[in-house]
Amino acid sequence: DGGITQSPKYLFRKEGQNVTLSCEQNLNHDAMYWYRQDPGQGLRLIYYSQIVNDFQKGDIAEGYSVSREKKESFPLTVTSAQKNPTAFYLCASSINAGETQYFGPGTRLLVL
Amino acid sequence: KNEVEQSPQNLTAQEGEFITINCSYSVGISALHWLQQHPGGGIVSLFMLSSGKKKHGRLIATINIQEKHSSLHITASHPRDSAVYICAVWSPGNQFYFGTGTSLTVIP
């Protein structure tokens with residue numbers, strides 16, 4: 001089955017701790033994206049990658065970092081510099097940038 | 001002012017009604033997307049269009065490039081259509097701009 005997966009479903013972070021959210025796709029898509037969604041708010045783009053070893057900042061990249069070492073994987077690290085990390089994080093992929101996106105199920109991050 | 005504006009923000013309809021959700025945008029466009037977000041948070045892409053009209057089952061999406069406006073129509077609405085519908089624009093500058101969504105509730 002082709003698809004996009006995210007793990008974990010729920011993640012708890014202590015103050016000052018870095019955490020990494022996983023995103024994997026087996027759709028052979030070149031483009032991958034990370035979004036943040038706050039309650040009652042719209043989607044906001046954190047980072048996106050059009051191709052392996054390349055990524056671009058979105059609207060709210062501060063306090064986040066990404067890597068794209070493999071086509072299938074686009075992990076997001078929420079660093080301690082992100083002062084308000086509690087949110088719903090969604091990963092997506094598309095054949096090329098701007099094309100129809102396929103979304104993962106999301107990860108809910110909570111700060112303890 | 002948001003680059004992508006949706007209306008209405010909230011919509012309640014009786015089962016069987018014809019529904020229209022509107023999206024206006026102020027940026028240049030390569031493509032416009034309509035997304036559906038279910039109560040559990042999962043998102044599904046419904047349409048990608050850059051001109052004209054597309055139809056899939058009971059859903060119809062139209063776009064008017066000159067007026068910078070798109071509509072999503074749902075015919076014969078059903079309670080399972082209850083979700084948040086999101087309009088997004090992919091610009092020539094390789095940026096995604098998202099509307100804040102329209103929350104639809106269809107009552108049996």
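Here is the naming used below: chain letters follow the sequence lines, and residue numbers restart at 1 for every chain.
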Visitor: Kindly compute the distance separating OH (B:Tyr97) from CG (A:Asp59), expressed to the nearest 0.5 Å.
Guide: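 So the gap between those two atoms works out to 7.5 Å.
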Visitor: Which answer fits A:Gln50, side chain, backbone, both or neither, if we ask what part of it has an atom under 4.5 Å from a heavy atom of chain B?
Guide: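 Contact with chain B: side chain only.
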Visitor: So for atom CD1, which belongs to B:Ile65, do other residues, nucleotides or ligands contribute more than 12 heavy atoms lying within a distance under 6.0 Å?
Guide: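 Check passes, neighbour count above 12.
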Visitor: Please say yes or no: joined through hydrophobic side-chain contacts below 4.5 Å, possibly via intermediate residues, are B:Leu72 and B:Ile19 part of one cluster?
Guide: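 Cluster IDs for B:Leu72 and B:Ile19 match.
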Visitor: Report which part of A:Tyr102 has an atom under 4.5 Å of a heavy atom belonging to chain B: side chain, backbone, both, or neither.
Guide: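 No part of A:Tyr102 comes within 4.5 Å of chain B.
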Visitor: Kindly check if the number of other-residue, nucleotide or ligand heavy atoms within 6.0 Å of CD (B:Glu15) is above 12?
Guide: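 Counting neighbours around CD of B:Glu15, more than 12 heavy atoms of other residues, nucleotides or ligands fall under 6.0 Å, so yes.
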Visitor: Can you tell me how far apart CG (A:Leu43) and CD1 (B:Ile43) are? Round to the nearest 0.5 Å.
Guide: 4.5 Å
Visitor: Same cluster or not: A:Tyr89 versus A:Tyr33, using hydrophobic residues (I, L, V, M, F, W, Y) connected whenever any side-chain heavy atoms lie under 4.5 Å apart?
Guide: no
Visitor: Nearest 0.5 Å, what's the CD-NE2 distance between A:Glu99 and B:His33?
Guide: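 One gets 7.0 Å once the value is rounded to the nearest 0.5 Å.
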Visitor: Is the distance between the ring centroids of A:Tyr48 and B:Phe96 under 6.0 Å?
Guide: no
Visitor: Could you look at B:Gln37 and say if it's the side chain, the backbone, both or neither that has a heavy atom under 4.5 Å from chain A?
Guide: side chain
Visitor: Between B:Phe47 and B:Leu104, is there a shared hydrophobic cluster once you connect ILVMFWY residues whose side-chain heavy atoms come closer than 4.5 Å?
Guide: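 Same cluster.
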Visitor: Looking at every heavy atom in both A:Leu90 and B:Gly41, which two are closest together, and how far apart are they?
Guide: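 Nearest heavy atoms, A:Leu90 then B:Gly41: CD2-O, 4.2 Å.
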Visitor: Please look at A:Arg44 and chain B and tell me whether the side chain, the backbone, both or neither of the residue comes under 4.5 angstrom of a heavy atom of that chain.
Guide: neither
Visitor: Checking heavy atoms, do the side chain of B:Leu46, its backbone, both or neither come under 4.5 Å from chain A?
Guide: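 Answer is neither: B:Leu46 stays 4.5 Å or more from chain A.
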Visitor: Report yes or no: do A:Leu45 and B:Val84 belong to one cluster of Ile/Leu/Val/Met/Phe/Trp/Tyr joined by side chain heavy-atom distances under 4.5 Å?
Guide: yes
Visitor: Got a second to check how far A:Gln101's CD is from B:Trp90's CH2, nearest 0.5 Å?
Guide: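 Separation between the atoms: 8.0 Å.
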Visitor: For the hydrophobic clusters of this structure (ILVMFWY residues joined by side-chain heavy atoms under 4.5 Å, transitively), does one cluster hold both B:Ile29 and B:Val27?
Guide: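 Yes, same cluster.
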